Amino acid sequence: MEHVIADPFGTRRVVVTGAGGQLGAALLESFPEARGLTRAEWDVTMPASFDADLVLHAAAWTDVDGAEANPQDAAAVNVGGTQHVAELGAPLVYYSSDYVFDGTKREPYLESDAPSPQSAYGRTKLLGEAAAGEDAWIVRSSWLFGWTSTNFVRTMLRLGAERDEVSVVADQRGCPTYVGHLADATRVLVDLPRGIWHLAADGECTWAEFAEAIFEEAGIDCSVRRITTADLGRPAPRPAYSVLRSERPDAPSLPHWREGLRACLERL
Ligand SMILES: NC(=O)c1ccc[n+]([C@@H]2O[C@H](COP(=O)([O-])OP(=O)(O)OC[C@H]3O[C@@H](n4cnc5c(N)ncnc54)[C@H](OP(=O)(O)O)[C@@H]3O)[C@@H](O)[C@H]2O)c1
């Protein structure tokens, strides 16, 4: 059954899918002319039909561990849903992930590096890139955090207020990226050629270092005990190293993750 959305636009027809998510919220601020569609307004696992000048596709199955147990459900959203968005025929920005890489490299992943996802989530995000098509902007980003939804920053603020010590993984390295900075970079990106773009915060750190920075910036007295990924024993494998950088000279650059952290904390 096709889901028909009646007149969802203002004057410039920009649509944000997954508007209830943390990136969706930020995109709606960076594109004030956009109409946001939450899952209740468009469940992307169903086809839809409407005209748009630009679709910013932020809807996704983002439960990385849940995807291991339910890979078909994750694929229905991340692959099938993306296909439905592409079928609208509008210019499309698809948000992909550092988890398309296996994390065995020890220097930043570039757009030309071969993906090799290790998790069900990573596989669905990579297949989603293909479903978005060659004529889309494929934005790979990493370790997103913002002022809404569940994310690492909000979880650490909660745990830090409850405990004297938290155990955090110290053997995964990446680029924590503030959704506000990614949304602003998307605004620049849509005037650039389509294709794959790596857009992640400047700098890099481990989750443990990120947790320490959160407590420091927020003035919370909580220590971080360093543990390994194996200690945590999560169902989905994560890349040990997933720093993303762009090899494209005109790629929009994002501020350092610590600047993103400060901007986010101001809103929490
Ligand atoms: N989070 C990260 O660390 C990270 C890193 C790299 C890339 N990304 C990518 O960045 C994008 C945005 O992620 P995010 O962090 O903003 O995720 P998020 O906060 O989990 O938001 C995703 C949104 O998609 C919605 N959604 C789920 N299934 C849907 C469906 N079938 N139809 C319509 N909407 C649906 C969710 O609604 P419900 O809340 O109702 O489920 C949620 O509002 C995703 O493509 C993600 O894969 C994320």
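Atoms within each ligand, like the ligands themselves, are counted from 1 in listed order. If you're wondering where the values come from, they're calculated on a predicted model, not measured in any experiment.
Remark: ligand 1 and Asp98 share no N or O pair separated by less than 3.5 Å (distance only, no angle test). Where the criterion is an N or O separation shorter than 3.5 Å, residue side chain and backbone included, Lys125 meets it with respect to ligand 1. In terms of polar-atom proximity, Ser142 is not counted as a contact of ligand 1, lacking any N or O under 3.5 Å from an N or O of the ligand. At under 3.5 Å, a nitrogen or oxygen of Asp43, whether backbone or side chain, sits near a nitrogen or oxygen of ligand 1. Considering backbone and side-chain N/O atoms, Val77 never comes within less than 3.5 Å of an N/O atom of ligand 1. Some N or O of Arg39 is nearer than 3.5 Å to an N or O of ligand 1, by distance alone. For ligand 1, none of its N or O atoms has an N or O atom of Trp61 under 3.5 Å away.
Judged by a 6.0 Å distance limit and a 45° cone about the ring axis, Arg154 is not positioned over the six-membered ring of Phe145.
Ser149 and Asn151 form no side-chain donor-acceptor contact under 3.5 Å, judged by distance and modelled atom types alone.
Among Phe145, Tyr121, Phe152, the residue whose heavy atom lies closest to atom 47 (O) of ligand 1 is Tyr121. For atom 27 (C) of ligand 1, the nearest non-hydrogen atom from the set Ala59, Ala26, Ala40, Ala60 comes from Ala60.
The closest side-chain heavy-atom distance from Leu54 to Trp137 is below 4.5 Å.
Here the rule is side-chain hydrogen bond (donor to acceptor under 3.5 Å, both in side chains) with Asp171, and of Thr228, Thr229, Thr206 only Thr229 fits it.
For ligand 1, the atoms lying closer than 4.0 Å to a non-hydrogen atom of Trp42 are 32 (N), 33 (C). Atom numbering of ligand 1 starts at 1 in the shown order; those under 4.0 Å from a heavy atom of Leu23 are 12 (C), 16 (O).
At a distance under 4.0 Å, no protein heavy atom can be found next to atom 39 (O) of ligand 1.
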